[in-house]
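To find a chain, count down the sequence lines: A is the first, B the second, and so on, and within it residues start at 1.
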Protein chains: 2
Amino acid sequence: MGRRSIHTPEQLRQLILDAAAAIIEAHGLAGLSAREIARRIGYSPGTIYNMFENLDDVVLNVEGRVLDQLDERLVAELAKGGDQKALVQQLAQTYLAFTHERPKLWNLLFEHYMPGGTDTPPWYQEKLERLMGRVETAVAPLYPPDAVLERQRAARVLWAGVHGITSLSTANKLSNVTSEAAASLVTDLVGNYLAGAAIKAAPVRAAAS
Amino acid sequence: MGRRSIHTPEQLRQLILDAAAAIIEAHGLAGLSAREIARRIGYSPGTIYNMFENLDDVVLNVEGRVLDQLDERLVAELAKGGDQKALVQQLAQTYLAFTHERPKLWNLLFEHYMPGGTDTPPWYQEKLERLMGRVETAVAPLYPPDAVLERQRAARVLWAGVHGITSLSTANKLSNVTSEAAASLVTDLVGNYLAGAAIKAAPVRAAAS
DNA sequence: TGTGTGAATTGAACGGCGGCCCATGGAGAC
DNA sequence: GTCTCCATGGGCCGCCGTTCAATTCACACA
């Protein structure tokens with residue numbers, strides 16, 4: 001069969017990524033295969049190799065879209081504004097909600113290693129840093145303007161901490177913690193961490209407030 | 001070929017689990033296969049099915065051993081005793097060190113879902129709860145004796161938080177955070193969280209101390 | 001020491017899936 | 001109508017989990 005011209009190359013790319021994401025969400029990374037993607041989009045396996053280098057390339061691009069989607073959510077949340085302290089809490093809850101919506105898809109980010117231990121491409125690292133930057137933005141008002149390192153550290157700790165709660169709760173590996181309870185754990189983590197950090201900055205005032 | 005009696009059944013079980021763990025540590029869960037285990041231990045694939053129900057059963061038992069090994073480490077750390085506050089920090093660092101030693105093997109716990117969404121067997125959940133109990137023990141002296149819920153919550157939050165840092169740093173998904181830097185993030189997390197929690201319990205005294 | 005017996009071990013075989021490639025022929029350009 | 005180009009999808013080759021009839025050996029007993 002020759003060319004179909006039903007879909008533009010870009011449409012085809014998106015079709016493939018949509019299908020791949022759906023498969024991963026339903027059956028995990030292990031359930032993904034070029035044939036299965038092809039079946040779902042009504043094309044043949046070969047088509048996928050015209051648009052992507054190989055399956056790992058497809059997966060990497062699915063990951064990229066997930067990161068972009070999370071970024072959109074965080075940006076939307078930041079745009080709402082509101083109380084500074086509450087903002088960090090809101091971001092954390094947004095992250096939690098996002099990862100709980102499509103747990104297997106989110107888990108993909110941690111299941112998928114690059115073949116041969118290659119590290120992820122620059123655009124991927126940039127997406128990660130962009131996300132981290134959102135948290136830094138939210139945390140910024142709570143720190144003196146010149147406390148750059150503290151801010152970065154806080155952002156990373158909070159990001160990782162919230163990630164830990166979502167990761168363990170979606171995997172059902174936090175003994176007896178349901179998804180709903182995870183939200184209150186996140187609140188507790190963020191609240192106590194920020195309170196503790198505030199003491200270090202200005203012990204007396206923090207305690208008095 | 002008939003019986004060899006070179007290994008007792010129990011030895012054979014351990015041989016299989018050793019080999020499986022080695023394969024997973026080297027190539028991830030995706031690299032595991034009954035044939036590969038058989039090759040490594042010098043037996044045939046069929047032998048594995050005499051000792052285990054199927055490959056998932058093997059994997060589950062590898063997970064069990066990993067949990068047991070971590071528990072041993074935590075217990076050893078608890079036995080050392082020492083300052084109460086420092087103890088929580090020590091446990092956290094022990095966890096971090098353990099997961100960084102064999103990252104792929106540790107990751108197994110979060111890559112491997114039970115087939116068909118079955119939940120993990122009771123003995124597995126018990127191992128998880130035993131681990132959580134270790135953290136509760138370490139946290140206990142920092143809370144009033146009757147504050148059971150607070151203690152449990154703190155243990156879960158700390159456990160998950162530390163897990164998040166180890167998870168992201170081993171996966172290289174915490175922008176620009178190396179393995180060594182992870183240790184200081186853990187210290188920061190535990191320190192600030194506990195400090196924040198202390199305020200809530202007794203604002204004035206915590207600030208004054 | 002010889003022999004019978006059952007358990008342990010085997011490995012070939014089944015049915016299926018996978019990644020990836022390339023000769024083919026249909027679609028578009030002129 | 002002709003030609004060119006490129007998407008196509010059938011096919012190659014290999015690996016997988018799992019099974020089970022056949023085989024071989026350890027051991028008990030004589």
* Under 4.0 Å from any atom of DNA chain D, heavy atoms only: list the residues of residues 13-26 of chain B that qualify, in numerical order. => none
* Residue B:Leu55, side-chain heavy atoms: nucleotide from D:dG9, D:dG17, C:dT10 that is nearest -> D:dG17
* Contacts of B:Phe98 that satisfy side-chain contact (heavy atoms from CB on, under 4.5 Å) - sequence neighbours left out -> B:Val66, B:Gln69, B:Leu70, B:Arg73, B:Arg102, B:Trp106
* To do: Answer yes if the side chains of B:His100 and B:Thr166 hold a donor-acceptor pair under 3.5 Å, and no otherwise.
  => no
* Pair B:Thr187-B:Gln93, side-chain donor/acceptor within less than 3.5 Å -> yes
* Quick one: label B:Leu32 by what it contacts on the DNA or RNA (base, sugar-phosphate, nothing), any heavy atom closer than 4.0 Å. =>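 Sugar-phosphate only.
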* **A:Pro45 side-chain proximity, nearest of D:dT18, D:dG9, C:dT9** =>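 Of the candidates, D:dG9 comes closest.
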* To do: Check whether NZ of the Lys or CZ of the Arg B:Lys104 lies under 6.0 Å from the centre of the six-membered ring of A:Tyr113 and within 45 degrees of that ring's axis.
  => yes
* Asked: Rounded to the nearest Å, what distance is computed from the CE atom of residue B:Met51 to the P atom of nucleotide C:dA8?
  ->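 After rounding, the gap between these two atoms is 9 Å.
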* Asked: Within a reach of under 6.0 Å around CD of A:Gln11, are more than 12 heavy atoms found that belong to other residues, nucleotides or ligands?
  -> yes
* Check whether any side-chain N or O of B:Ser44 sits under 4.0 Å from OP1 or OP2 of C:dT10, and answer yes or no. => yes
* Is there a side-chain polar atom (N or O) of B:Ser33 under 4.0 Å from OP1 or OP2 of D:dC16? -> yes
* To do: When you get a sec, tell me which of D:dT18, C:dC20, D:dT8 is the closest nucleotide to the side chain of A:Asn54?
  => C:dC20
* Is it the case that A:Tyr124 and A:Asp119 place a side-chain donor and acceptor less than 3.5 Å from each other? -> no
* Asked: Does A:Thr47 have a side-chain nitrogen or oxygen under 4.0 Å from the phosphate oxygens OP1 or OP2 of D:dT8?
  ->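 So the side chain of A:Thr47 is within the cut-off, an N or O lying under 4.0 Å from OP1 or OP2 of D:dT8.
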* Asked: Rounded to the Å, how far apart are B:Arg35 CZ and C:dA13 P?
  ->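 Distance check: B:Arg35 CZ to C:dA13 P gives 13 Å.
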* To do: Round to the nearest Å and state the distance from A:Leu12 atom CG to D:dT8 atom C1'.
  => 11 Å
* **Interatomic distance where OH belongs to A:Tyr43 and P belongs to D:dG10 [whole Å]** =>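 Distance, rounded to whole Å: 15 Å.
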* Structure fact -> Residue pair A:Asn50/A:Arg39 against DNA chain C: nearer the 5' end by closest nucleotide is A:Arg39
* Listed nucleotide nearest any side-chain atom of B:Ala34, set D:dG9, D:dT18, C:dT10 -> D:dT18
* To the nearest 0.5 angstrom, please state how far the CD1 atom of A:Ile23 sits from the CG atom of A:Leu105. => 11.5 Å
* Nearest-angstrom distance from the residue atom CD1 of A:Ile48 to P of D:dT8 -> 11 Å
* Give the rounded distance in Å between these two atoms: OH of B:Tyr49 and C1' of D:dC20. =>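 Those two atoms, OH and C1', are 14 Å apart.
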* Provide, to the nearest angstrom, the distance between the CZ atom belonging to A:Phe52 and the P atom belonging to D:dA7. => 14 Å
* To do: Would you mind reading off the distance between B:His7 atom NE2 and D:dC25 atom P, rounded to a whole angstrom?
  =>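 B:His7 atom NE2 is separated from D:dC25 atom P by 17 Å.
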